[in-house]
A.B. asks: 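Let me begin by handing over the structure; questions about it come next.
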Amino acid sequence: MSNLETVVTEIVDEMRQRTDRGEVARYIPELARVDPGQFGLAVIGADGTVAAAGDCDVPFSIQSISKVFTLTLALGMVGDRLWQRVGREPSGSPFNSVVQLEYERGIPRNPFINAGAIAVTDLILSRHQPREALGEILRFMQFLAQDTSITIDEAVAASEHRTGFRNVALANYMKSFGVIDNPVEYTLGVYFHHCAISMTCRQLAVAGRFLAHSGRDPSTGLSVVQAERARRINAVMLTCGHYDGSGEFAYRVGLPGKSGVGGGILAVAPGRASIAVWAPGLDAAGNSHLGRIALERLTKRLGWSIFGE
């Protein structure tokens, strides 16, 4: 782990010196206020050792990274019946595309684009009242991260609710095809709130450990999901986790990963480590610009790409 700590520190120093930081998500007013100069990186190895540097303990809005965890919850509720409502193919379109949804008659291409995540949220909501569904999602995140201090940023959730017109359109369109069962306003309320969960890189890396270790938390030995399900979630992360930039991420980084427009990325090195990086500035596809570059350097220096050293 000493080599890992050196690599992490070096990468954080390199990223801090760069001036090409991307653009923060200005279409969500609260995210537009975030300082793009921040950068954090945390890596947790199989033995629980943590290598972290930079702004790794600064909470940020995880946004679409929450979709990994809502997918996990939904699969636990209904198993593979989920795939009757949501596909698992790469979109090749922007994360909030309406055109693709119309072409495919209301069935979202995968659970990580906005329409797909809204459909998954609706499935979780079907067993609860909105407050109960949101509480279950938040408690799941706290359980995985082993930290009950994790909360929802209500200002971010309200900001998304005020400006989420495209998501309202997506939800209503799916409702017209029977993909959404619950009242649209309830489903969107839960969706906006779980995307507004606030976490640090360190907390997020802990929460993702089960995906790096065949569905188990190696620190407790507890099984979160079966090994086969963990592999399949990782597969969807690899092919769909970065919207229409997923191919580029797989090509350059070579790990399953999920990004969020808050600038975070959760990445998984199977059998080795769980990784969380945060750099608020985004590229044209809505993924963290420096986050992807940092992960590319990390996997190259450590030989962690799933496609070989």
Side-chain angles (χ1 to χ4, degrees), residues 1 4-16 18 21-22 24-25 31 34-46 48-69 138 141-153 156 194-213 217-219 237 241-242 249 253 255-269 272-282 287-299 301-302 304:
M1 288 295 294
L4 175 59
E5 291 170 358
T6 299
V7 170
V8 166
T9 300
E10 289 175 350
I11 289 173
V12 170
D13 289 342
E14 292 164 11
M15 295 301 103
R16 280 178 161 170
R18 294 183 69 117
R21 309 198 72 85
V24 295
L31 297 186
V34 178
D35 176 9
Q38 299 175 94
F39 183 92
L41 176 61
V43 183
I44 303 183
T49 304
V50 180
D55 300 303
C56 59
D57 292 311
V58 176
F60 62 92
S61 183
I62 67 170
Q63 292 293 308
S64 287
I65 302 173
S66 68
K67 298 171 184 177
V68 173
F69 304 101
L138 182 59
M141 297 296 300
Q142 292 172 339
F143 164 73
L144 292 174
Q146 302 170 26
D147 192 337
T148 57
S149 70
I150 293 168
T151 60
I152 294 168
D153 188 325
V156 173
H194 74 64
C195 286
I197 291 173
S198 181
M199 298 176 72
T200 68
C201 288
R202 197 184 300 265
Q203 290 169 331
L204 187 57
V206 175
R209 293 189 77 196
F210 76 99
L211 292 171
H213 302 288
D217 180 338
S219 65
M237 288 172 68
H242 282 72
F249 187 83
V253 177
L255 295 178
K258 182 70 194 84
S259 67
V261 296
I265 301 174
L266 171 66
V268 174
R272 290 189 167 116
S274 175
I275 309 158
V277 62
W278 175 52
L282 310 177
N287 304 308
S288 176
H289 175 61
L290 291 186
R292 194 270 298 161
I293 293 172
L295 289 172
E296 180 179 3
R297 293 188 180 188
L298 184 76
T299 56
R301 294 179 192 181
L302 297 172
W304 278 3

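Bear in mind that the values here come from a model prediction, so they are computed numbers and not experimental data. Note that these values count all heavy atoms, side chains included, but never hydrogens, waters or copies made by symmetry.
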A.B. asks: From D57 CG over to T200 OG1, what is the distance, rounded to the nearest 0.5 angstrom?
C.D. replies: 5.5 Å

A.B. asks: Which heavy atom in I275 sits nearest to a heavy atom in A205, and how many Å separate them?
C.D. replies: C-CB, 4.5 Å

A.B. asks: What's the spacing between L138 CG and S66 OG if we round to 0.5 Å?
C.D. replies: 11.0 Å

A.B. asks: Determine yes or no for a side-chain-to-main-chain donor-acceptor pair under 3.5 angstrom, with K258 supplying the side chain and V68 the backbone.
C.D. replies: no

A.B. asks: Salt bridge between E296 and R292, side-chain N to carboxylate O under 4.0 Å?
C.D. replies: yes

A.B. asks: Between CD1 of I65 and CD1 of I197, what distance do you get to the nearest 0.5 Å?
C.D. replies: 11.0 Å

A.B. asks: Just checking, any donor-acceptor pair under 3.5 angstrom between side chains of Q38 and D55?
C.D. replies: no

A.B. asks: Within the 4.5 Å heavy-atom criterion, are V206 and L144 side-chain neighbours or not?
C.D. replies: no

A.B. asks: Would you name the heavy atoms of A46 and P218 that are closest together and state the gap between them?
C.D. replies: O-CB, 3.8 Å

A.B. asks: The test is side chain to side chain contact (heavy atoms under 4.5 Å, CB included); show your working for E14 and R297 and say whether it passes.
C.D. replies: CA-CA 10 Å; E14 292 164 11; R297 293 188 180 188; 2.7 Å; yes

A.B. asks: Please round to the nearest 0.5 Å and tell me the distance separating atom CG of L290 and atom CD1 of I11.
C.D. replies: 12.0 Å

A.B. asks: Are a donor atom and an acceptor atom from the side chains of N287 and S259 found within less than 3.5 Å of each other?
C.D. replies: yes

A.B. asks: Is the shortest distance from a Lys or Arg side-chain nitrogen in E10 or R301 to a carboxylate oxygen in the other one below 4.0 Å?
C.D. replies: yes

A.B. asks: Might you work through the side chain to side chain contact (heavy atoms under 4.5 Å, CB included) test for L282 and V24, ending with a clear yes or no?
C.D. replies: CA-CA 6 Å; L282 310 177; V24 295; over 6 Å; no

A.B. asks: List in chain and number order the residues that pass ring pair (Phe, Tyr, Trp, His ring centres under 6.0 Å) with F69, two or more places apart in sequence or in another chain; answer none if no residue qualifies.
C.D. replies: none

A.B. asks: Are side-chain heavy atoms of F60 and V34 found at a separation under 4.5 Å?
C.D. replies: no

A.B. asks: Decide yes or no on side chain to side chain contact (heavy atoms under 4.5 Å, CB included) for F249 and L295, but give the supporting numbers first.
C.D. replies: CA-CA 9 Å; F249 187 83; L295 289 172; 3.8 Å; yes

A.B. asks: Which pair of heavy atoms, one from S274 and one from G208, lies closest together, and at what distance?
C.D. replies: OG-C, 3.5 Å

A.B. asks: Is any side-chain heavy atom of V50 closer than 4.5 Å to one of V43?
C.D. replies: no

A.B. asks: Rounded at 0.5 Å granularity, tell me how far OG in S198 sits from CD1 in I150.
C.D. replies: 9.0 Å

A.B. asks: Considering only heavy atoms from C-beta outward, does the side chain of I62 approach that of M141 to under 4.5 Å?
C.D. replies: yes

A.B. asks: Using 0.5 Å steps for rounding, measure from the CG atom of L211 to the CE atom of M237.
C.D. replies: 6.0 Å

A.B. asks: Between W278 and G264, what is the shortest heavy-atom contact and its length?
C.D. replies: CD1-N, 3.8 Å

A.B. asks: Between P280 and D35, which heavy-atom pair has the shortest distance, and what is it?
C.D. replies: CG-O, 3.5 Å

A.B. asks: Checking L302 against V7 for the side chain to side chain contact (heavy atoms under 4.5 Å, CB included) test, could you report, in this order, the C-alpha distance in whole Å, the side-chain angles of both residues, the deciding distance, and whether it holds?
C.D. replies: CA-CA 8 Å; L302 297 172; V7 170; 4.0 Å; yes

A.B. asks: Evaluate the side-chain proximity of P59 to M199: yes if any heavy-atom separation is below 4.5 Å, no if none is.
C.D. replies: no

A.B. asks: Could you tell me if the side chain of M15 sits less than 4.5 Å from the side chain of L41, heavy atoms only?
C.D. replies: no

A.B. asks: Can you tell me if Q146 and S219 form a side-chain donor-acceptor pair at under 3.5 Å?
C.D. replies: yes

A.B. asks: Kindly give the heavy-atom pair with the smallest separation between W304 and A269, and that separation in Å.
C.D. replies: CE3-CB, 3.9 Å

A.B. asks: Please tell me if the side chains of L31 and Q63 come closer than 4.5 Å, counting only heavy atoms from C-beta onward.
C.D. replies: yes

A.B. asks: Between D147 and R202, is there a side-chain heavy-atom distance shorter than 4.5 Å?
C.D. replies: no

